[in-house]
Amino acid sequence: MNHSQWKTRRTRKLLGETVEESPAYTEAGYAFALGQAVYDRRTALGLSQTELARRAEMTQPQVSNIEGGDSVPTLPLLTRLAKALDASLTIDLDGDASGFVFTAHGDRPPGEASPDGRSSAA
């Protein structure tokens, strides 16, 4: 096979061909999606990587590695990040629809429970 016959993974999917994904490919996709969610929330708050690192008891290079998809944080670290970003983290690991979303604490719909189990309704 020469290079002109290669098809990207996306092209194969669009053509209806079967596309097998390795576990490493899937994990890398999760890492990038989480990194983008951290970046999006951090920049929405106007925080530098250094400030987020201070709030989450991390180093700036650790924040950079997470945002770049170069590392997969532990659950305790995800908890600290969510707290430092004043948000709840929703993780959806459902195949193609997988995603990571930080939701600001003040953005929950009325009646939805907070992470500590309390309802946001007055």
Residue list, side-chain hydrogen bond (donor to acceptor under 3.5 Å, both in side chains) with T79, at least two apart or on another chain: none
Have a look at L81 and tell me which of L89, L52, L34 forms a side chain to side chain contact (heavy atoms under 4.5 Å, CB included) with it. L52
Any salt bridge (charged side-chain N to carboxylate O under 4.0 Å, His left out) involving [range]? Give me the pairs, sequence neighbours left out, ordered by first then second residue.
range: residues 48-57; value: E51-R54, E51-R55
range: residues 25-39; value: none
range: residues 59-79; value: R42-E67

Connected via hydrophobic side-chain network under 4.5 Å: [X] and [Y]:
X: L77; Y: I91; result: yes
X: L78; Y: I66; result: yes
X: V72; Y: M58; result: no
X: V101; Y: L75; result: no

Counterpart residues, side chain to side chain contact (heavy atoms under 4.5 Å, CB included), relative to [X] (two or more places apart):
X: A37; value: F100, F102
X: L45; value: R41, L47, L85
X: S64; value: Q49, Q60

If only atom types and distance count, is the side chain of T43 paired as donor or acceptor with the main-chain N or O of G46 below 3.5 Å? no
Non-hydrogen atoms of S88 and H105 that approach each other most closely: OG-CD2, 3.6 Å
Could you pull out the closest heavy-atom pair between A31 and S71, with the gap in Å? CB-O, 4.3 Å
